[in-house]
Amino acid sequence: MGKDSSDLFGALFDAPPLARPPLVSVVSVLVPLPVPEAYSYAVPDGMAVMPGSVVQVPLGPRQVIGVVWDGEPDPRLDPKKLRPITQVFDCPPLTDEMRSFIDWVAGYTLSPPGLVARMAVRAPAALEPEPMVEALRYRGGEPERMTPARARVMDLVRDEVPFTRSGLSHAAGVSISVIDGLVKQGLFETVFLPPPPVVARPDPDYTAPRIEGPQKQAASEIVEAMQGGGFSASLIDGVTGSGKTEVYFEAIAQALRQGRQVLILLPEIALTASFLERFQDRFGAKPAEWHSDLAPRMREKVWRGVVTGEVRVVAGARSALFLPFEELGLIIVDEEHDSAYKQEDRVFYNARDMAVVRARIGQFPVVLVSATPSVESQVNGQSGRYHLVHLPTRFGEAAMPDLHLIDMRRHPPERGGFLSPVMLRAVKKTIEKGQQALLFLNRRGYAPLTLCRVCGHRFQCPQCSSWLVEHRFKGQIQCHQCGYAEKTPEACPECGTFDHLVACGPGVERIAEEVEKHFPEARTIVMSSDLLGGVKRMRLELEAIAKGEADIVIGTQLVAKGHNFPLMTLVGIIDADLGLANGDPRAAERTFQLLSQVTGRAGRTGLKSHGLLQTYQPQHPVMQAIVSGDASAFYEREIGEREKALLPPFGRLASIIVSADTRLDAETHARALRAAAPKVSGITVLGPAEAPLALVRGRHRFRLLVHGRRNSDMQGYLRSMLANGPKVRGTVHVQLDVDPQSFL
DNA sequence: AGCACGCCGACT
DNA sequence: GTCGGCGTGCTC
């Protein structure tokens, strides 16, 4: 069977040679629906489409955007009754490369291809070319009465270079009405100019690379590898401040010299003005941005620039991976370990992994970058799948902070407090020198749990049963799970006793209270996401801290990323063990990554700096990895643990992985599965984006991914699967012997 | 994904 | 008597 749709019609119309088959051509179109296949549409006379064409088609009562795909229309459909394509958008069709990528992602993530395709054509109004802009060109003659303002305009326009109305008024420093006056006198003709580019073109040789030693070596290794062309995957693994960005900037320069487009993926939070400025300093222009809260107008312009090839570099969040670049030649995935690369709704994917796939399909390099690589990437680095580039030292004047553990069993805090005397002494010394201390605790609010001393009542969320967290600044108790909040009650709702509520454990607000008690003179700031005043206030506070307008900063995760604080020479981790025992198989990895990031905030400007970690488990591999500065033993152990966790003994079936729209659904399905088959052990429940990764070493012989939202259906499917073996109808997909990394 | 239809509980 | 909750079905 060929791919040409004429085969199908051969089959349909061959038998009785009626009159002539009607001259109607039919194509497959991926529509934005969760259905497994493309739909078929008629192509009206005179309309030209090809695979990849972006079209508008009728779907039920509405019009939707679709993409012409290859593949044969369903033979059961009557071609005469097919609805026609409404219009073809005037934009370049998706490339073969892009279509292969979409098909691959849909297959791998078990997602409907139409929903994957939709991610590539999500800027609806951008599908038509941008209108030309009106401009004025001098056509000769003189103004009736010359005035100083008119003279300034005339000086500019005499060489007949066209200006837009507002451009001319700006350039001449006159008001619009002066221009209009001259237009009325017939001095100008209207011409149309192509719209201005969204961003200027970056120049690979705008400035010389500012790197030396190991960084230069690493950069030339990568650039050399790029010379030959073709696919390669590299992992740059370097401590905070080791010049990773400078190294991958050289890879970008090389791709630009080769005339290719570049995509830089960043976790949403890292897409900051400071990153864009750094890029501009090196390349003379900013990259185009792509993220969820880009203004619609800008989104269209960038999309358009990307397909036409006018935009050369995009810095974007995970969704940028699905932009239909004209000639993409390099992808950088910065902070590759960051969980923000996972999308866990609609189409479930990890942009980091899909970036590798896109590069493989397009035959160009991909560079993953992290100070604390994910365990998966570490495995791929060790096995040789990824080319490892290790940057062990800091770059320039920055020195690594001196890191120590505080064994809390030997140096306990005073009664009612949470800060060890060792920590307090270090803070004191730091602020005496006029430097800054950061106390990190990844817990918002005053206390994670509140209870009544009289009856033992614990404040629990009425909606989701997690503890309610007291926020003293706001006078509220809040649920950090679902957002439920109420005013902090004065009396116990259970026994009615007043003033007997007791806070258990620390949050940042409570640490602030303790700090103020010990250092009443110090300027103390609490930084957490519930800072009153929103993003604007937050930015101001961060700037103030950078300028040295605070002595002690107490913060949650929020302070871990991005910002540079030149005077920050002490980082104190208040509860380094927090997060190690939450049942997540990635708990240790996450803790290691977070703590590395936070301690990396110190010492980036040449001042001698320190990091102190309060812990009850000084022997824990995470603590050892952090203070020794050598993570290799930690990674070895993690890889082993991960394999044990993900490969439970399961008889002939290696394991069943249950994954659904949400982790919660997956848990529900797993419960149903366990109830239906009490003897089955070894059911692994993962979030959808994680399920394929679980097969990191490809040893599973069987996997089951459950997709669907109807819980009752799911339970039925699961039961019937157990009763009848893996022959299940409906929305349950079963794949046998899949090696998820077979693309490499 | 949207959106229509249809069936049961609590209200202007 | 209706308004509206969500469970179900359909889209070439």
Side-chain angles (χ1 to χ4, degrees), chain A residues 3-9 11-13 21-45 47 49-89 99 102-103 105-106 109-125 127 292 319 322 343-349 463 660-662 664-665 668-669 672 688-689 705-717 720 729-733:
Chain A
K3 286 191 166 186
D4 191 330
S5 58
S6 59
D7 281 353
L8 169 75
F9 293 105
L12 277 172
F13 293 106
L23 203 77
V24 54
S25 98
V26 175
V27 288
S28 293
V29 176
L30 286 185
V31 288
L33 292 184
V35 291
E37 277 159 6
Y39 278 1
S40 304
Y41 285 88
V43 183
D45 270 355
M47 180 186 278
V49 294
M50 58 186 280
S53 295
V54 185
V55 294
Q56 186 182 37
V57 291
L59 185 68
R62 65 214 159 103
Q63 294 283 324
V64 296
I65 295 170
V67 185
V68 177
W69 224 240
D70 36 31
E72 288 155 34
D74 188 334
R76 286 165 303 183
L77 294 170
D78 179 352
K80 282 171 291 189
K81 288 188 185 155
L82 293 178
R83 302 175 73 181
I85 293 176
T86 312
Q87 64 160 323
V88 188
F89 289 106
R99 284 187 297 118
I102 289 169
D103 279 334
V105 171
T109 61
L110 302 179
S111 312
L115 296 188
V116 180
R118 191 178 64 157
M119 300 196 292
V121 290
R122 238 194 206 157
L127 294 166
S292 58
S319 60
F322 289 90
Q343 175 153 82
E344 303 212 8
D345 62 300
R346 297 183 177 96
V347 177
F348 314 111
Y349 66 93
Q463 296 173 28
D661 287 12
T662 65
L664 206 71
D665 285 353
T668 313
H669 302 330
L705 278 116
V706 184
H707 263 255
R709 60 202 158 122
R710 273 160 205 145
N711 205 18
S712 50
D713 291 356
M714 282 309 117
Q715 301 193 6
Y717 289 137
S720 99
R729 291 175 303 119
T731 50
V732 177
H733 302 261

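All chains are named by letter (A, B, ...) in the order of the sequence lines, taking the proteins before the strands, and each is independently numbered beginning at 1.
- Considering CD of E37(A) and OG of S28(A), their distance stands at 9.0 Å, rounded to 0.5 Å.
- Within the 3.5 Å criterion, the main-chain N or O of G60(A) finds a donor-acceptor partner in the side chain of R83(A).
- In this structure, the OH atom of Y39(A) is 8 Å from the C1' atom of dC10(C), given to the nearest Å.
- With respect to Y41(A), the side chain to side chain contact (heavy atoms under 4.5 Å, CB included) criterion is satisfied by exactly one of V55(A), V49(A), L59(A): L59(A).
- Summarising the geometry, the separation between CZ on R62(A) and C1' on dC10(C) is reported as 11 Å, rounded to the nearest angstrom.
- Note on P58(A): only backbone sugar-phosphate atoms sit closer than 4.0 angstrom, heavy atoms only; bases stay farther off.
- By the 6.0 Å contact criterion, CD on Q56(A) is enclosed, its count of non-hydrogen atoms from other residues, nucleotides or ligands being greater than 12.
- Rounded to a whole Å, the CG atom of L59(A) is 10 Å from the C1' atom of dA1(B).
- If you measure from atom CZ of R76(A) to atom P of dC12(C), you get 15 Å, rounded to the nearest angstrom.
- Distance CG (D78(A)) to P (dC12(C)): 14 Å, rounded to an integer number of Å.
- The OH atom of Y41(A) sits 5 Å away from the P atom of dC12(C) (whole-angstrom rounding).
- Taking only side-chain atoms of R118(A), from C-beta outward, the nucleotide of dG2(B), dT11(C), dC12(C) with the closest atom is dG2(B).
- Rounded to whole Å, the distance from CG on L77(A) to P on dT11(C) is 10 Å.
- As rounded to whole Å, 15 Å separates atom P of dT11(C) from atom CD of E37(A).
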